[in-house]
Amino acid sequence: MNKRFISFITAGDPSLEKTREFINVLASFSDVIEIGLPFSDPIAEGEVIQAANMRALKNGTTTVKVFELLRSVSVCSKMVILTYINPVFVYGYEKFFKDCNESGVYGVIIPDLPFEERGEVIEFAKKYNVHLITMIAPTSAKRVQMLAKDATGFIYLVSSMGTTGVRSEFAVGLDDIVKQIKIVTDVPVMVGFGISTHEQVVKMSEIADGVIVGSAFVKIIAEHGDNSALYIEKFVKELTIG
Amino acid sequence: MQAVESKSGLGRFGEFGGQYVPETLMNAVIELEQAYAFYKNDVGFNRELAELLKNYAGRPSLLYFAKNMTKALGGAKIYLKREDLNHTGSHKINNVLGQALLAKKMGKTRLIAETGAGQHGVATATAAAFFNMSCDIFMGKEDMERQALNVYRMKLLGANVHCVTSGTQTLKDAVNETMREWTRQVKDTHYVLGSVMGPHPFPMMVRDFQSIISKEAREQILETEGELPKAVVACVGGGSNAIGSFYHFIDDIAVELIGCEAAGLGVDTSKNAATVANGSVGIFHGMKSLFCQNADGQIAPVYSISAGLDYPGIGPEHAALNKSGRAIYVPITDTEAVNAFEYISKVEGIIPAVESAHAVAYAMKVAKHYTGCIIVTLSGRGDKDVSSIARYKGEVLYE
């Protein structure tokens with residue numbers, strides 16, 4: 001399958017050293033690896049990733065330490081940070097994107113920073129050549145092309161209503177949204193939220209340019225902790241190769 | 001009278017405010033913004049709301065001259081704005097009736113809300129019952145325990161009460177969970193945010209619905225005293241009763257506006273919810289404002305004896321009023337609030353909500369320094385707090 005694959009794990013869950021190990025495992029199968037910079041109140045996340053955020057913070061994971069980790073990993077996959085606007089704002093927009101640049105970060109996803117509020121952030125993302133990833137939702141409706149037009153890096157198409165987490169049903173009309181996007185941009189469209197099986201990966205990859213899998217990996221880490229690497233490898237193979 | 005509101009941004013009060021929500025909710029907040037912009041100037045809507053406030057909520061609320069307190073404390077003549085006398089027992093009903101009516105006009109069939117002390121949950125459940133809408137309330141586990149009576153009231157009113165076990169299991173987490181629920185089912189559901197917080201248009205809209213407090217109080221004080229008060233005092237969690245109490249006095253620059261925030265065990269301890277005293281600028285729950293947070297921007301666990309003030313942020317308009325100096329915000333500890341709770345019960349025969357007792361406590365401290373009158377808003381009644389205050393005092397209750 002020559003479709004793109006993005007994997008997600010939370011930095012510092014169960015420890016930053018283990019995150020490094022998991023990144024190395026995922027890299028062989030992932031075009032992009034999203035690293036969650038933990039936040040105390042992640043409102044777009046379901047229970048699985050919420051709990052990972054809590055574990056990571058309890059372990060003393062900080063923004064500075066996550067940048068240190070990212071600076072020191074060397075994999076072929078592109079690295080993307082997923083976090084919430086407050087940790088970025090408090091760190092300082094300029095400093096955050098400068099550090100992204102210096103750590104080789106390809107893009108940043110901020111679920112609670114909608115298009116209308118990007119203004120104060122985008123100049124720094126541009127200045128330091130970091131993509132501020134655009135999210136499009138099943139409820140975006142008339143907003144789809146406005147959002148897609150300015151997208152760079154890739155587009156994160158939210159598969160369904162609600163929060164992140166494994167699910168069996170997705171919103172109807174995703175293919176229409178992808179068609180609308182394709183009219184205005186060539187930026188790859190990646191579908192995320194709730195994808196956890198090879199079958200779903202294949203199905204979503206038919207609609208879009210690829211998929212994002214997060215909660216399913218985080219669930220493995222919640223279960224196996226320090227010993228997750230083997231299970232992650234087995235699962236990512238299953239997902240991508242079948 | 002748009003004292004600090006910027007017309008240019010998305011509901012900005014100076015640098016504060018904004019609309020920081022996930023894309024999934026953007027059309028919902030835009031739809032709400034447009035509906036509110038239309039209905040707030042709609043004669044029929046306003047007539048219907050005025051009728052509900054009068055004949056269902058029991059407005060106008062009294063501006064009561066607290067003769068005994070005034071005599072005992074010396075100095076200022078103390079007036080109490082009696083929001084505790086409203087139907088459902090607090091100021092929350094003012095906002096809820098406005099939002100529920102708006103939601104009905106928008107064709108929504110379901111109301112969801114967060115609640116801390118349970119007052120907003122009770123008010124929302126009441127409006128849902130009245131308008132025949134379904135209702136889901138999200139409440140932190142810890143708050144469900146300390147406000148068990150209100151949980152049962154909500155159930156009586158036909159609402160489903162969901163226990164929130166994430167994070168600190170209090171108001172902040174209840175807001176998170178209600179926002180998550182809104183993203184799950186945005187089409188038929190209106191989120192009745194309970195305070196002057198969250199993404200635009202909530203801070204402006206909730207303020208407008210609560211501003212009836214100061215609209216009445218200003219007329220009432222001019223009628224009885226023939227002059228404006230020297231100060232208006234109200235408790236602040238998110239800040240809805242405070243902004244409602246301040247709003248029509250903002251342009252009266254001689255009137256001091258004082259918000260009382262929850263200092264818990266003290267502003268120098270780790271157990272408080274004093275956002276202005278200890279917080280810094282951040283972006284959370286849809287708004288740029290002041291928050292209690294650590295150096296990494298992680299929202300801090302906060303504490304107050306009062307579930308309604310136990311929130312790590314403050315509404316954006318308050319952040320702006322604080323920055324401009326137009327209003328000041330003072331910390332009141334648990335001990336001071338409980339003393340005030342007992343004091344006003346004994347002296348005036350009025351049992352206030354422990355939230356409101358924070359405002360009473362400040363008035364008790366400063367009354368002697370004033371000549372003229374001050375208005376203290378009693379945002380709610382204290383029935384819900386009686387058992388937790390008894391526990392705090394080590395009393396044994398046989399329920």
Side-chain angles (χ1 to χ4, degrees), chain A residues 37-47 50-51 53-54 56-57 60-66 83-92 96 110-121 134-144 147 156-158 160-165 171 193, chain B residues 9-12 15 17-31 33 164-168 172-187 189 198-200 279-289 291-301 312-313:
Chain A
L37 170 65
F39 180 50
S40 52
D41 296 85
I43 62 153
E45 313 297 350
E47 283 171 19
Q50 281 177 47
N53 277 271
M54 290 304 117
L57 290 173
T61 308
T62 62
T63 311
V64 170
K65 287 180 186 171
V66 172
T83 191
Y84 288 77
I85 186 65
N86 201 46
V88 182
F89 174 77
V90 170
Y91 196 76
F96 188 90
I110 307 175
D112 58 346
L113 183 73
F115 182 82
E116 281 78 355
E117 300 289 0
R118 282 161 64 107
E120 62 190 75
V121 180
T134 295
M135 297 183 91
I136 294 180
T139 46
S140 294
K142 288 176 188 159
R143 296 165 56 80
V144 170
L147 302 174
Y156 193 135
L157 176 58
V158 177
S160 29
M161 301 300 290
T163 53
T164 55
F193 276 40
Chain B
L10 289 166
R12 293 276 172 173
E15 72 190 274
Q19 216 162 32
Y20 300 88
V21 293
E23 173 57 25
T24 308
L25 290 178
M26 275 310 289
N27 265 325
V29 293
I30 292 168
E31 182 198 10
E33 196 181 332
V164 177
T165 55
S166 57
T168 54
K172 168 196 77 146
D173 311 282
V175 174
N176 292 345
E177 222 37 63
T178 319
M179 281 201 179
R180 288 182 186 123
E181 176 59 26
W182 204 23
T183 64
R184 274 176 215 121
Q185 204 179 324
V186 70
K187 209 167 168 206
T189 300
H200 177 65
S280 55
V281 180
I283 304 171
F284 180 49
H285 280 165
M287 57 183 173
K288 184 179 283 183
S289 192
F291 297 96
C292 296
Q293 55 184 333
N294 74 10
D296 256 349
Q298 307 296 345
I299 304 303

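Labels below follow one simple rule: chain letters A, B, ... track the order of the sequence lines, proteins then strands, and each chain is numbered from 1.
- In this structure, CD1 in A:I43 is found 13.5 Å from OH in B:Y20, a value given to the nearest 0.5 Å.
- Of the atoms belonging to A:P87, heavy atoms from both backbone and side chain fall under 4.5 Å from chain B.
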Verdict with reasoning, A:E120 to B:E15, per side-chain contact (heavy atoms from CB on, under 4.5 Å): CA-CA 11 Å; A:E120 62 190 75; B:E15 72 190 274; over 6 Å; no
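- Rounding to the nearest 0.5 Å gives a distance of 9.5 Å between NZ of A:K65 and CG of B:D296.
- Between the side chain of B:E23 and the main chain of A:I136, no donor-acceptor pair closer than 3.5 Å is present.
- In this structure, B:V281 and A:V90 approach most closely via the heavy-atom pair O-CG2, 4.2 Å.
- For the atom pair B:F284 CZ and A:F39 CZ, the distance stands at 5.0 Å (nearest 0.5 Å).
- Atom CD of residue B:E177 and atom CD of residue A:Q50 lie 6.0 Å apart, to the nearest 0.5 angstrom.
- Contact of B:V175 with chain A is not made at all, since no heavy-atom distance falls under 4.5 Å.
- Counting only distance, with no hydrogens or angles, the side chain of A:N86 and the backbone of B:I283 share a donor-acceptor pair below 3.5 Å.
- Heavy-atom distances place the side chain of B:Q293, and not its backbone, under 4.5 Å from chain A.
- Side-chain atoms of B:Q298 come within 3.5 Å of backbone N or O of A:P38 as a donor-acceptor pair.
- For B:A295, the part lying under 4.5 angstrom from a heavy atom of chain A is the backbone only.
- Counting heavy-atom pairs closer than 4.5 Å to chain B, the top residue among A:P114, A:A137, A:A141 is A:P114.
- Within the model, atoms CE of A:M161 and NZ of B:K187 stand 10.0 Å from one another, a figure rounded to the nearest 0.5 Å.
- Of the listed residues (A:F89, A:Y91, A:F115, A:Y84), the greatest number of heavy-atom pairs within a distance under 4.5 Å of chain B belongs to A:F89.
- The main-chain N or O of A:E45 is found under 3.5 Å from a side-chain atom of B:R180 such that the two form a donor-acceptor pair.
- Side chain of B:N27 to backbone of A:S140: a donor-acceptor contact under 3.5 angstrom is found.
- The CZ atom of A:R143 sits 4.5 Å away from the CD1 atom of B:I30 when rounded to the nearest 0.5 Å.
- The greatest number of non-hydrogen atom pairs below 4.5 Å with chain B, out of A:V88, A:L57, A:T134, is found for A:L57.
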